[in-house]
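Shown next, in structure tokens, is the structure this report addresses.
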Amino acid sequence: LKPDRSGMAPGSRKARDGVANAAGASSGRRKQAEPGPDDELLDQAGTGNWMDSIVILGAVRYMVSRILALSSQATSGTAKDARKKEKGPSQSVKEDTAQWIANDFKIPVGLLTIFVLTCALIAGGEGFHERNQEKREVVDDYYGTLGVPRDAETADVKRAYKTLAKLWHPDRNPNCSSCQETFSKIAVAYETLSDEKKRSAYDESGEIATAELKSARSVPLTRDNFDELVTFSNDVWIVQIFKPDDGGCAQFHPFWENQIQKHGHLVRFGRVDVTNDPGKWLPVKVRVLPMILKYARHLGVPEIFPITAMHETPQHLMKFVLTSFPNIGLPLHKDPSCLSTWLRSSTRRHKVLFAIPGKSEEERYKSHLVPRKLATTWSEIFEFRTVELAALHKLPDMPAEVLSALPPQNQSETHGAMLFFSASSNPRPKSSAVFAWPTGEEELVLQLIGLAELAAPALSANSAELLCRSLAIRRVYCLVLLDPTDSTVSRAAQELKESRAQYTREVADIRASGGEVTEDEDNFIVPAVRLFKQPRGLQPSISTCHAPLFSQVEKSLGGASAFLMDLDTGRMAALRGLTSFRGIFPQIAYEDSLVWVEDTLHPFLSLPDCNEGMLQHFRRSLREAPFWGVAMQLFTIIFLLEAVGRAAVDRSPRWAAGAALLLSL
């Protein structure tokens, strides 16, 4: 089983123009949209040449060799005359030709016969498969259209519909021919799933081929929504490729549902039904069913779960799911100094410490799974560790600032704490938060977003999904600062804090006087982030990472040094001539003096994407570089090789110094 290193379904690039749950709609049954500029940027790999086939090259080589051999025999004529004399006069021309073919073309004729038979078998099998497909009627999967699991709450269905409706509404896409059809399917799906009676009737009779093996909490994955939901997600996905009428899939189904029930809050589970779609767009070749894949950004390529004996499957599958996250626990019971060592070390990212209850090692392992998930998801911004809260109180050499930020010792079993430390070796926390334990994941995410404002992370395609994507309990807008200084970021964070406090007082006064403030006008946050156009150390930037559509963003800015970003709907609003950010919250709530520009911000192509490999980066640099730049690089490489060779042969320090200078340049 050889995974495709691209990790991307080649036919589903278009789906990334939506939000994370857009799902491209309609489960592969909508009409194929015409290729746009995004597809041209993503599908830059050239098509193969006909000379790339080793079979064709071998056939050409054989034909050339036979032509040369026959021409040499025709010129000499000796071998042919001798063969004619040995034959009797009774041998006919037909027998002569048959003997010549049998002697000289024995292997080619055999290969040709096998080739023809193989083609006939393949054509017959495909024709039979297509005839079977024509007899099956496929119903639209409404859950896949909205990108929600089958046990989603009504509020989740409504939230997904509002997000997709903003994206695909025909009034917002006047030049889009397929948007009307997509929007209609989204509306029909919402109308069905938002009504309890219609949803119950649909669940009983209207599901697609997965009706034989129902999985309420598995997200239906198709060619249209796979990249948007899985490939470019910050979550860990466990994906099952199956057929409902397969015996092995039926035996595996109870184990699958058991894992969803236990760990559905940690990883996302999805299924690909290959009954009608053979799944050739998947990044792996489907050879056995069921096939279980694990997708995560930190894995690079998908991992394949080895299905062996059925009695061993539950334990192995649970281990396969739980090993998706790194172990970040500090063993204070074995090494009491490990926490102090970590706090006093200098790291590239800022540090976050979770102090969480947990008596036994097994209890700590289970209760710390949510922080481990967050450590995997937020690894680009923070470096995480977890410790047992009761053991932390007993450490003798902890700074007083750390102990004062923790819950009291008598609350070690009911509360937890999150401590934020700088990337330097300073062991004193810069910020902290105390919360009841256990707590929800989104509550912890809100705390991390608040800490991210102190860290002022650089914006990238990955960090934008973490910092600027709205949560189920809170709407998120991002204030993006272009190439700011540290003082500018600190000032913006302070002014945003003052703006939030002032707007909260205004809302309280309106409600006290009998006025009404909607949820959209009150329940949102605005973190400040940095976007670098020029290189800044090891931070992601436009010039060093892949961001081909940033030129459209820069054109819409019109010289502004900051803009508001609504990642959920792909909108942005340039903040031109703004000297203070103290009025941002009322401007967002009342849409006051903000000019939102739509269809300009792409979640992946407009922001720096630094996940490409070294070879991909080299190829892209060659494609984008001008001719004189490529020539200069080529001459530099030649001179560097010559300098290294002379330094090694002549043992000359001058040539060695020259090679080092060229390498640094």
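Everything quoted here is computed from the prediction, not taken from an experiment.
Judged by distance alone, the side chain of Lys351 and the main-chain N or O of Phe382 form no donor-acceptor pair under 3.5 Å. Checking side-chain atoms of Ser490 against main-chain N and O of Asp486 turns up a donor-acceptor pair under 3.5 Å. A distance-only check finds no donor-acceptor pair linking the side chain of Thr544 to the backbone of Pro540 [under 3.5 Å]. In terms of modelled atom types and a separation under 3.5 Å, the side chain of Ser340 and the main chain of Ser337 share no donor-acceptor contact. Side chain of Thr386 to backbone of Ala355: no donor-acceptor contact under 3.5 angstrom is found. Checked by atom type and distance alone, the side chain of Trp237 never pairs as donor or acceptor with a backbone atom of Thr231 at under 3.5 Å. For Thr600 (side chain) and Val597 (main-chain N/O), no donor-acceptor pair under 3.5 Å exists by modelled atom type. The main-chain N or O of Arg582 is found under 3.5 Å from a side-chain atom of Ser499 such that the two form a donor-acceptor pair. Under a 3.5 Å cut-off, the side chain of Ser425 and the backbone N or O of Ser346 do not form any donor-acceptor pair.
Of the charged side-chain nitrogens involved, none lies within less than 4.0 Å of a carboxylate oxygen, so that Arg530 and Asp483 do not count as a salt-bridged pair. One finds no salt bridge joining Glu598 and Arg571 here, because no Lys/Arg side-chain nitrogen approaches an Asp/Glu carboxylate oxygen to under 4.0 Å. A salt bridge does not link Glu442 to Arg474: none of the charged nitrogens lies less than 4.0 Å from a carboxylate oxygen.
At a threshold of 4.5 Å between non-hydrogen side-chain atoms, the residues Arg372 and Leu266 do not count as touching. Side-chain contact between Thr376 and Ser324 is absent, with no heavy atoms from C-beta onward closer than 4.5 Å. Pro527 is not listed as a side-chain neighbour of Leu479, based on a closest heavy-atom distance of 4.5 Å or more. Residues Leu339 and Leu332 are in side-chain contact: their nearest non-hydrogen atoms beyond the backbone lie under 4.5 Å apart. Using a 4.5 Å heavy-atom cutoff, the side chains of Pro608 and Ser541 are not in contact. Taking the side chain as every heavy atom from C-beta outward, Ile525 and Leu446 approach each other to under 4.5 Å. Contact of the Phe585 side chain with the Thr504 side chain is not registered, since no non-hydrogen atoms from C-beta on lie closer than 4.5 Å. Under the 4.5 Å side-chain criterion, counting only non-hydrogen atoms from C-beta, Lys294 is not in contact with Val267.
Residue Gln447 holds its CD atom at 9.5 Å from CZ of Phe354, rounded to the nearest 0.5 Å. To the nearest 0.5 Å, atoms CG (Leu419) and CG (Leu392) are separated by 8.0 Å.
In summary, the aromatic rings of His350 and Phe421 are positioned with their centroids too far apart to meet the 6.0 Å limit.
Taking the side chain to side chain contact (heavy atoms under 4.5 Å, CB included) definition, one finds that Glu383 meets it with Trp342, Thr347, Arg349, Arg385, sequence neighbours left out. Legend: residues meeting side chain to side chain contact (heavy atoms under 4.5 Å, CB included) with Thr377, ordered by chain and number and at least two apart, are Asn234, Lys373, Leu466. Under the ring pair (Phe, Tyr, Trp, His ring centres under 6.0 Å) criterion, Phe563 pairs with no residue, sequence neighbours left out. Not counting sequence neighbours, Phe325 has no partner by the ring pair (Phe, Tyr, Trp, His ring centres under 6.0 Å) test. For Arg491, the salt bridge (Lys or Arg N to Asp or Glu O under 4.0 Å) partners two or more places apart in sequence, or in a different chain, are Glu495.
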Passes side chain to side chain contact (heavy atoms under 4.5 Å, CB included), Leu353 versus Phe384? Steps please.
-> CA-CA 6 Å; Leu353 178 66; Phe384 292 85; over 6 Å; no
Should Leu444 and Thr439 be marked as a side chain to side chain contact (heavy atoms under 4.5 Å, CB included) after you check the CA-CA gap, both sets of side-chain angles, and the distance that decides it?
-> CA-CA 8 Å; Leu444 297 178; Thr439 188; 3.7 Å; yes
Please test Cys478 against Leu567 for side chain to side chain contact (heavy atoms under 4.5 Å, CB included), starting from the C-alpha separation and ending with a verdict.
-> CA-CA 8 Å; Cys478 272; Leu567 191 63; over 6 Å; no
Passes side chain to side chain contact (heavy atoms under 4.5 Å, CB included), Val529 versus Met565? Steps please.
-> CA-CA 10 Å; Val529 295; Met565 180 172 66; 5.6 Å; no
Report all side-chain donor-acceptor pairs from residues 428-436 shorter than 3.5 Å, counting only partners two or more places apart or in another chain.
residue	atom	partner	partner atom	Å
Arg428	NE	Glu401	OE1	3.4
Arg428	NE	Glu401	OE2	3.2

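Relative ring orientation between Tyr503 and Phe524 is described as tilted, the plane-to-plane angle lying within the 30° to 60° band.
Taking all atoms of both residues into account, the shortest heavy-atom contact from Ile186 to Tyr161 is CG2-CD1, 3.7 Å. Shown here for Ile542 and Ser606, the closest heavy-atom pair between the two residues is CD1-O, 4.3 Å. Scanning all heavy atoms of the two residues, the minimum distance from Leu549 to His602 falls at CD1-CB, 4.1 Å. Taking all atoms of both residues into account, the shortest heavy-atom contact from Gly416 to Pro407 is O-CG, 3.9 Å. Summarising the geometry of Pro586 relative to Glu506, their closest heavy-atom pair is CG-OE1, 4.4 Å, with the distance given to 0.1 Å. Between Leu467 and Val476 the shortest heavy-atom distance is O-CG1, 3.1 Å.
Within 6.0 Å of the CD atom in Glu153, the count of heavy atoms belonging to other residues, nucleotides or ligands does not exceed 12.
Inspection of the Glu380 and Ser460 side chains reveals an N or O donor paired with an N or O acceptor under 3.5 Å.
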